[in-house]
Each structure stands twice: as C-alpha cells, then as structure tokens.
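Taking it in order: structure first as structure tokens, then the write-up.
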Amino acid sequence: MNKLDSSLVARALREAGFAVVEQATDADAVIINTCSVRAHAEERVFSHLGHLKHIRKTRPQTVVVVMGCMAQRLGRRLLEHEAVDIVVGPGQIPRIPQMLADAIADRSAGKHIAVSAEIRAAGSESEARRLDEFEAAFDSDENHIKSQAFVRVMRGCNNFCSYCVVPYVRGPEISRPPGAIMEQIRKLAGGGIRQVTLLGQTVNSYEYPAGDRTYYLADLLEMASAIEGVRWIRVITSHPGKFDDSILHAMAGLEKVCPYLHLPAQSGSDEILKAMNRHYTAAEYLDLLGRAREIVGDIAIAGDFIVGFPGETEADFEATAELVRRACYKNIFVFKYSPRPGTHAVKKLADSVPYEVKQRRNGELLDQQNEIAADYNMRFVGRDVEVLVEGLSKKPHLNRAEHEDNPQLIGRTATDYIVVFNGPESLTGTFAKVRIGKTTALTLFGEVAEGPCYNKNSIAS
Ligand code: 5AD
Ligand code: SF4
C-alpha cells in the first residue's frame with residue numbers, strides 16, 4: 001500500500017514539474033511516507049527527522065512533508081516537530097502537490113496539516129472517490145518494477161485485530177467499483193504491464209454490490225484474466241477468516257492467476273488467536289491450507305506471525321511452532337509484538353512478555369522455518385522455472401564492471417520464489433526460463449535455460 005502511495009505521489013509531483021534527486025541535501029522538498037504498524041517503523045521516521053533538522057541548519061528552505069499512517073495517527077503532534085512543515089494522512093495524499101507548491105512559494109506561510117478528521121466515518125467515501133481519481137490520473141509503471149504494477153481493489157480494514165493500528169489510520173473497508181479496477185488494469189496492460197498485484201488489507205473481503213449482483217474477489221480475478229497483455233495476476237493480502245473457496249477455484253481454473261497466497265496466521269495458539277480477535281482456530285487455519293493445496297495443487301503460501309503477544313506462554317509459542325511445522329510455508333515474516341496506542345490490546349492487556357523472550361521466540365521460529373524451507377526447496381534442483389525478471393540483484397560486486405554483459409539478475413516465479421541467475425540486463429521486465437542448480441531456504445539459484453516458457457505451474461513441469 002505504501003509503495004503504491006509513494007509512487008502515485010511521485011508521479012503527481014513529476015507532472016507538477018518536480019524531479020527526483022538522490023540526496024536529501026540537494027532537495028527542495030523531502031517527503032517521508034510512514035508506517036504505524038510497529039513502534040520501530042515510527043522510531044525510524046523520528047531518526048530521519050533528526051537528520052533533516054540537521055540538514056535544515058544549512059538549507060532552511062527545504063520543505064519536509066510527512067505522509068501516511070503515522071501522519072494520520074499523530075497529526076498535530078507530528079506537526080510540532082521542528083523539522084516538519086506538512087503532515088498528510090493516507091486519505092489526503094491528492095492534496096500533496098498543491099500543499100507543497102504553496103509551501104515552496106511562500107516559506108513564511110507556516111505549517112500545514114491534512115488528515116482525515118473522522119477516519120471511521122462514512123464521510124470517507126468521498127475521500128475514497130478523490131483517491132480513486134488521483135490513482136487513475138497518476139498510476140503508471142514508472143515507479144514500479146518494470147512490467148509490474150499494483151492495483152488497489154479496496155481500502156481500509158474492518159477486522160480490528162486487537163493489536164493492530166491499521167483500522168484506525170486507514171479507515172473502514174471500501175471496495176472500488178470493478179469497472180474502475182478493470183479500466184485501470186487495461187490501461188496498465190496497454191502500457192506494457194505484464195503482472196498486476198491486486199491489493200487490499202484483506203483482499204479476500206472484496207465485495208461490491210452493483211444492481212442485482214455482487215462482485216467478489218473471484219469475479220475480479222476472472223475479469224482481470226480476460227484482459228489482453230496481462231500474464232500474471234497476484235493478490236495480497238488475505239485474512240484466513242471467511243476465506244471463500246471461490247478464490248481457490250479461480251486460482252486453480254484461471255491460467256493467469258498466480259498460485260500464491262499471503263495468509264497471515266499470527267499465532268498457532270487458539271487462546272492467543274482469540275485474544276487477537278482473529279476469528280479462527282489453528283485447526284481451521286490448517287484446514288484452509290489443506291483445501292488450498294487440494295484445490296489449487298502446487299500453491300505457495302507465506303505467513304505472518306506475531307511473537308510475544310500479551311500473555312503468550314511457552315506452550316502458546318510451541319503451538320505456533322507446531323503450526324509452522326505443519327503448514328509448510330514458502331516463507332514467513334515474524335514480528336515481535338509492539339503495543340500500538342489506541343488498540344484494544346494496549347487498553348486491555350499488559351505487554352507481559354519480556355523483550356528478550358520475544359527476541360528468542362522470533363529467532364527460534366525463523367530458524368525452524370528456514371530449516372523446513374531449505375529442505376523443501378531442494379526439490380527445485382534440476383527443474384526449470386519461469387520467472388518475471390525484476391532487474392539487477394542487490395549485489396553490486398556481482399552485477400557491475402566485470403560482469404557487465406552477464407550481470408547477476410533477480411526474478412520471481414508465479415509462486416513468488418526469488419530466483420537469482422546471470423543474464424543480460426535487457427531481460428528485465430520479461431519472462432525467462434531458469435534451470436535451478438542450487439537452493440537455500442529463501443532463494444533459488446540457476447542459469448538461463450533454452451526453450452519456451454511455461455505459464456503458471458511451470459514449477460511442476
Ligand atoms: N506488533 C507486531 N506486529 C504487528 N503486525 C501488525 N500489528 C502488529 C503489532 N502491533 C504484523 C502482523 C501483520 C503484519 C503486517 O504486521 O503480523 O500481518
Ligand atoms: Fe490489521 Fe487485522 Fe486488518 Fe490485517 S486484518 S490490517 S492485522 S486489523
């Protein structure tokens with residue numbers, strides 16, 4: 001969501017005559033897009049602001065904008081920071097170009113704020129319309145990885161998981177009209193986009209009533225599949241509660257829909273899941289994974305977990321470890337519980353698990369997953385996989401100078417596996433076939449293979 005918001009604002013500013021510079025010290029304006037999900041993300045913003053305060057000693061004209069969830073959450077408190085001029089919540093980003101232009105034109109005009117006053121109120125529908133227009137006007141592939149684009153299908157979240165700040169800063173769920181979504185995908189495909197990722201905080205709750213029928217995520221997948229030029233369609237992120245099998249059937253039946261789900265479990269303990277307000281048990285979650293594998297076949301699943309939620313005992317943690325052993329994930333993201341102001345968990349439950357224990361559980365869960373994935377990934381050795389090439393890998397010593405014609409590249413399979421191989425940089429944005437020679441827990445390594453690409457379930461071929 002934040003990557004998409006950043007790219008929309010960047011494009012809008014470029015069209016307003018701004019250009020991106022590499023260094024904050026060369027900039028007329030610095031915009032920080034922020035996340036409030038964990039305290040750590042917010043602390044990093046304050047450290048950037050400290051740095052900007054320093055820069056402004058020699059460049060007082062630099063305008064500093066803080067946008068995103070932290071701007072919405074802290075509002076005026078953030079505006080009081082010495083290094084901040086403009087604060088803009090995620091619902092108000094269409095106003096950034098004008099606010100910025102005004103601030104640059106008149107540095108004496110003071111500080112400005114635009115956040116949603118009633119984030120949970122129905123009034124946010126008109127805000128959503130303005131956001132839709134902004135998105136339609138400034139969406140482009142310029143800021144995405146070549147050939148790939150994000151398409152938001154819904155905003156907000158109604159789940160109120162007890163630890164989570166998102167419903168308070170992003171507002172209630174609002175699904176976009178299917179027609180607008182398809183129009184956007186058609187435009188992107190016409191501009192060379194080959195992979196679209198349908199985005200939503202809980203994308204499987206997409207629901208849009210229109211006349212005598214209601215559109216669901218499976219309908220979007222079917223409609224998007226019919227659009228010429230698009231080859232891969234992904235969805236992120238899903239909530240395991242109320243997950244309709246029609247999505248799995250769409251994944252199984254539609255060639256273009258990638259067999260991949262990001263399906264956060266958060267915990268494997270039923271007590272903790274209840275305290276988290278997640279509305280499913282560990283058994284129900286595993287049952288959903290079973291159905292996904294039965295219906296879709298070789299589907300890859302990624303998960304999120306929070307360790308050290310209030311009251312999490314060793315037995316609760318062991319239940320989570322057991323769930324990870326049984327789920328057979330492609331990868332997991334593990335987070336240490338971070339109390340967020342205003343959430344139910346903060347109001348009702350003490351942050352009882354010491355930091356050291358959170359740290360240990362975090363490490364243990366990842367180590368266990370890495371062992372499982374390292375073993376599991378060996379099945380790829382000797383196989384050909386199809387990847388969409390994202391570009392140069394992040395290892396400068398391997399992708400420049402002596403490797404100029406054949407640098408190290410990175411791509412992803414339809415199932416979201418990261419594949420590293422050598423090839424000409426011109427492959428970026430295209431589909432390539434790679435023969436896997438070596439694997440680790442998180443990465444497949446290989447060489448470009450001859451012959452036609454397969455689609456979708458290339459992994460099984
Ligand atoms: N503390 C730690 N992790 C959190 N997440 C959400 N809120 C918190 C929190 N307060 C994690 C969840 C979610 C991911 C995006 O961030 O695992 O899936
Ligand atoms: Fe947060 Fe839960 Fe909504 Fe995900 S589903 S954004 S964890 S409240």
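Throughout, residue positions are numbered sequentially from 1 according to the sequence presented.
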So how far is it from Thr25 OG1 to Leu52 CG, rounded to the nearest 0.5 Å?
10.0 Å

Considering non-hydrogen atoms only, spot the tightest contact between Ala189 and Arg194 and give its length.
O-NH1, 3.5 Å

Side-chain heavy atoms of Leu427 within contact of Val448, under 4.5 Å
yes

Could you give me the CA-CA distance, side-chain angles and deciding distance for Glu390 and Lys146, then say whether salt bridge (Lys or Arg N to Asp or Glu O under 4.0 Å) is met?
CA-CA 7 Å; Glu390 297 191 345; Lys146 207 169 169 205; over 6 Å; no

Can you establish whether the number of heavy atoms outside Lys242 located under 6.0 Å from its atom NZ is more than 12?
no

Please walk me through it: do Arg231 and Gln195 pass side chain to side chain donor-acceptor pair (under 3.5 Å)?
CA-CA 6 Å; Arg231 265 198 74 200; Gln195 173 180 292; over 6 Å; no

Are more than 12 heavy atoms from other residues, nucleotides or ligands located less than 6.0 Å from atom CD of Gln61?
yes

Between Asp139 and Lys187, is a salt bridge (Lys or Arg N to Asp or Glu O under 4.0 Å) present by the stated rule, with each step listed?
CA-CA 9 Å; Asp139 192 26; Lys187 198 174 95 186; over 6 Å; no

Give the intermediate values and the outcome of salt bridge (Lys or Arg N to Asp or Glu O under 4.0 Å) for residues Arg11 and Glu15.
CA-CA 6 Å; Arg11 169 91 189 266; Glu15 299 212 351; 2.8 Å; yes

To the nearest 0.5 Å, tell me how far Leu79 CG sits from Leu74 CG.
11.0 Å

To the nearest 0.5 Å, how far apart are CE in Met1 and SG in Cys35?
12.5 Å

Show your reasoning for whether side-chain contact (heavy atoms from CB on, under 4.5 Å) applies to Ile418 and Leu442.
CA-CA 7 Å; Ile418 297 168; Leu442 292 173; 5.9 Å; no

Which distance, rounded to the nearest 0.5 Å, do you find between the CZ of Phe309 and the OH of Tyr163?
8.5 Å

A side-chain contact here means heavy atoms from C-beta on lying under 4.5 Å apart; do Thr320 and Val307 qualify?
no

Provide the closest heavy-atom pair for Ala250 versus Leu221 in the form atom of the first, atom of the second, distance.
CB-CD1, 3.9 Å

For Tyr208 versus Pro178, what's the shortest heavy-atom pair and its separation?
CD2-CD, 3.3 Å

Hey, does Ile233 have a side-chain heavy atom less than 4.5 Å from the side chain of Ser225?
yes

Closest non-hydrogen contact found for Ile236 with Tyr260 is CG2-CE2, 4.1 Å

Expected output: side-chain Ser338 to main-chain Ala39 donor-acceptor under 3.5 Å
yes

Pair Glu173-Gln201, side chain to side chain donor-acceptor pair (under 3.5 Å): steps then yes or no
CA-CA 9 Å; Glu173 284 175 9; Gln201 237 84 39; over 6 Å; no

Criterion side-chain contact (heavy atoms from CB on, under 4.5 Å) on Cys161 and Met276, from CA distance to verdict:
CA-CA 5 Å; Cys161 300; Met276 287 176 162; 5.5 Å; no

Looking only at non-hydrogen atoms, find the nearest pair between Gly75 and Val87 and report the distance.
O-CG1, 4.0 Å

Trace of the side chain to side chain donor-acceptor pair (under 3.5 Å) decision for His112 with Asp102:
CA-CA 10 Å; His112 297 278; Asp102 291 348; over 6 Å; no

Does some side-chain heavy atom of Leu49 sit less than 4.5 Å from a side-chain heavy atom of Val64?
yes

Do you know which two heavy atoms are closest between Ser205 and Met154, and how far apart they sit?
C-SD, 4.3 Å

Rounding to 0.5 Å, atoms CG (Asp85) and OG1 (Thr62) come to a distance of 9.0 Å

Is a side-chain donor-acceptor pair under 3.5 Å present for Ser116 with Glu127?
yes

Within-4.5 Å side-chain heavy-atom neighbours: Phe431 and Val389
no

Counting C-beta onward and ignoring hydrogens, is there a side-chain heavy-atom pair between Asp298 and Pro259 closer than 4.5 Å?
no

Checking the side chain of Thr343 only, and the main-chain atoms of Arg340 only, is there a donor and an acceptor separated by less than 3.5 Å?
yes

Looking only at atom types and distance, does a side-chain atom of Asp28 sit under 3.5 Å from a main-chain N or O of Ile104, one as donor and one as acceptor?
no

Can you label the angle between the Tyr285 ring and the Tyr329 ring as parallel, tilted or perpendicular, going by 30° and 60°?
tilted

May I ask you to establish whether Arg213 and Tyr215 are in a cation-pi arrangement, using a distance under 6.0 Å from NZ or CZ to the six-membered ring centre and at most 45° from the ring axis?
yes

For Tyr216, is there any backbone N or O sitting under 3.5 Å from a side-chain donor or acceptor partner on Asp219?
yes

Give a yes or no on whether a salt bridge exists between Glu135 and Arg176, defined as a side-chain N under 4.0 angstrom from a carboxylate O.
yes

Are the side chains of Leu248 and Leu261 in contact, using a 4.5 Å heavy-atom criterion?
yes

Using 4.0 Å as the upper bound for N to carboxylate O, is an ion pair formed by Asp287 and Arg293?
no

Within a 6.0 Å radius of atom CZ on Arg59, are there more than 12 heavy atoms belonging to other residues, nucleotides or ligands?
yes

Step-by-step side chain to side chain donor-acceptor pair (under 3.5 Å) determination, Gln148 to Thr197:
CA-CA 8 Å; Gln148 307 188 18; Thr197 301; 5.5 Å; no

Passing candidate, side chain to side chain contact (heavy atoms under 4.5 Å, CB included) with Asp132, options Arg152, Gln184, Arg155
Arg155

Between Arg234 and Val257 (side chain of the first, backbone of the second, donor and acceptor by atom type, cut-off under 3.5 Å), is there such a pair?
no

Determine whether a donor-acceptor pair (N or O, by modelled atom type, separation under 3.5 Å) exists between the side chain of Ser147 and the backbone of Gly429.
yes

Can Ser6 and Asn33 be counted as having a side-chain donor-acceptor contact under 3.5 angstrom?
yes

Compute the ring centroids of Phe380 and Tyr417, then answer whether they are less than 6.0 Å apart.
yes

Would you say the side chain of Phe243 lies within less than 4.5 Å of the side chain of Ser238, judging by non-hydrogen atoms?
yes

Does a side chain donor of either Glu42 or Thr34 reach within less than 3.5 Å of an acceptor in the other side chain?
no

Step-by-step side-chain contact (heavy atoms from CB on, under 4.5 Å) determination, Leu4 to Leu8:
CA-CA 6 Å; Leu4 175 57; Leu8 293 172; 4.2 Å; yes

Worked verdict on Leu444 versus Phe421 for side-chain contact (heavy atoms from CB on, under 4.5 Å):
CA-CA 9 Å; Leu444 314 180; Phe421 59 101; over 6 Å; no

Modelled atom types, side-chain donor and acceptor of His279 and Asn159, under 3.5 Å
no

Any cation-pi pair here, Arg130 with Phe134, using under 6.0 Å and within 45°?
no

If we count only N and O atoms by modelled type, under 3.5 Å, do the side chains of Tyr168 and Gln72 hold a donor and an acceptor together?
no

Just how far is it from atom SG of Cys328 to atom CD1 of Ile299, taken to the nearest 0.5 Å?
12.0 Å

